[in-house]
Amino acid sequence: FVGKLIDRKNIIFLVNSIMKYNRKHKDKFYLDIFGDGTLKNKINSLIHKNTFIKLKGFKPSYLLKNIHYKKYNFIILASNHENWGLVINEAMESKLALLLGESVGCKSDLLKNSINGFNFNNNYKSLERIFLKISKLNKYKIIKLGEESYKIIENFTIENSSKDFIRFLINLSRVNS
């Protein structure tokens, strides 16, 4: 997880879900949390003595992209409301697969379900199904998910966005004429 530790980011849900999953299942999931915010102390008290969840603090994006993202296979974002989620673009550039909640705005543009990651509803049962699915993947398939993320984000350039916007305006003018 990368982001502000605030209610809107739904980080308490993620922490509780991972702790619950790890109590119930043999395969364990780890969560490293990069960020700072008003929920830091609450998260610290929840994860006290938990070996699967770590608070890593705030890191600037150049360190995340050049050092930290290389250590991971997935990025997860479960915000209750997220207009886009720029950290997702950065993670995709580092070949991370995506785990995106239902209210993450970039999901419809950047996530191809089961191709470069998975989407879930913001409830434990939905997230548990995704974790069980991931636990059955071999290392090659996980790497392939990340490579597909990179292929998708390669096309999100200023030039391509400009061309898409111009096409939109042309089509809009045709509809209105």
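From a predicted model like this one, the values you see are computed outputs, not experimental measurements.
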**Q** Within 45 degrees of the axis of the six-membered ring of Tyr124 and under 6.0 Å from its centre: does Lys20 put its NZ or CZ there?
**A**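 Judged by the rule (NZ or CZ under 6.0 Å from the ring centre, within 45° of its axis), Lys20 counts as positioned above Tyr124.
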**Q** Any side-chain to backbone donor/acceptor pair from Arg8 onto His81? Under 3.5 Å, distance only.
**A**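 Yes; judged by distance alone, with no hydrogens or angles, the pair exists.
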**Q** How far does CD1 of Ile33 sit from CZ of Phe1, to the nearest 0.5 angstrom?
**A**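 If we round to the nearest 0.5 Å, Ile33:CD1 and Phe1:CZ are 7.5 Å apart.
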**Q** Rounded at 0.5 Å granularity, tell me how far CZ in Arg23 sits from NE2 in His25.
**A**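 Those atoms lie 11.0 Å apart.
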**Q** Going hydrophobic residue to hydrophobic residue with side-chain gaps under 4.5 angstrom, can you get from Ile115 over to Leu77?
**A**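 Different clusters: Ile115 never reaches Leu77 through Ile, Leu, Val, Met, Phe, Trp or Tyr contacts under 4.5 Å.
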**Q** Going through the distances and angles, do Glu148 and Lys151 end up as a salt bridge (Lys or Arg N to Asp or Glu O under 4.0 Å)?
**A** CA-CA 5 Å; Glu148 291 298 323; Lys151 287 179 188 175; 3.3 Å; yes
**Q** What pairs with Asn119 under side chain to side chain contact (heavy atoms under 4.5 Å, CB included), at least two apart in sequence or on another chain?
**A**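 With neighbours one apart ignored, the set is Lys107, Leu111, Asn113.
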**Q** Would you check if there is a donor-acceptor pair between the side chains of Trp84 and Asp109 at a distance under 3.5 Å?
**A**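 No, because no side-chain N or O of Asp109 sits under 3.5 Å from a partner of the opposite role on Trp84.
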**Q** To the closest 0.5 Å, what do you measure between CD (Glu82) and SG (Cys106)?
**A**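 If we round to the nearest 0.5 Å, Glu82:CD and Cys106:SG are 8.0 Å apart.
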**Q** Taking Ser149 for the side chain and Met92 for the main chain, is one N or O donor matched with an acceptor at less than 3.5 Å?
**A**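 It does not hold such a pair.
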**Q** Val2 and Ile6: same hydrophobic cluster, using ILVMFWY side-chain contacts below 4.5 Å?
**A**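 No, Val2 does not connect to Ile6 through the hydrophobic network.
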**Q** Taking ring pair (Phe, Tyr, Trp, His ring centres under 6.0 Å) as the cut-off, I'd like each qualifying pair that reaches into residues 129-161, sequence neighbours left out, listed once.
**A**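 Every ring pair (Phe, Tyr, Trp, His ring centres under 6.0 Å) pair that includes a residue of residues 129-161, provided the two are not neighbours, is Tyr21-Phe131, Phe29-Phe131.
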**Q** Counting N and O atoms only, with roles assigned by atom type, does the side chain of Asn122 sit under 3.5 Å from a partner on the main chain of Ser79, one being a donor and the other an acceptor?
**A**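 The answer is yes, because a donor-acceptor pair under 3.5 Å joins these two groups.
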**Q** Could you pull out all residues at least two apart from Ser17 that satisfy side chain to side chain donor-acceptor pair (under 3.5 Å)?
**A**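 Result, side chain to side chain donor-acceptor pair (under 3.5 Å) vs Ser17: none returned.
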**Q** Under 3.5 Å, side chain of Ser45 to main-chain N/O of Lys42, donor-acceptor pair present?
**A**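 Judged by distance alone, yes, a pair lies under 3.5 Å.
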**Q** So how far is it from Asn89 CG to Ser61 OG, rounded to the nearest 0.5 Å?
**A**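 So the gap between those two atoms works out to 11.5 Å.
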**Q** Rounded to the nearest 0.5 Å, what separation is found between the NZ atom of Lys4 and the CG atom of Leu39?
**A**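 The NZ atom of Lys4 sits 12.5 Å away from the CG atom of Leu39.
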**Q** Would you say Asn116's side chain and Leu110's backbone share a donor-acceptor pair under 3.5 angstrom?
**A**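 Yes, because the side chain of Asn116 sits within donor-acceptor range (under 3.5 Å) of the backbone of Leu110.
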**Q** Are Phe58 and Ile11 linked, directly or through other ILVMFWY residues, by side chains that come within less than 4.5 angstrom of each other?
**A**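 No, Phe58 does not connect to Ile11 through the hydrophobic network.
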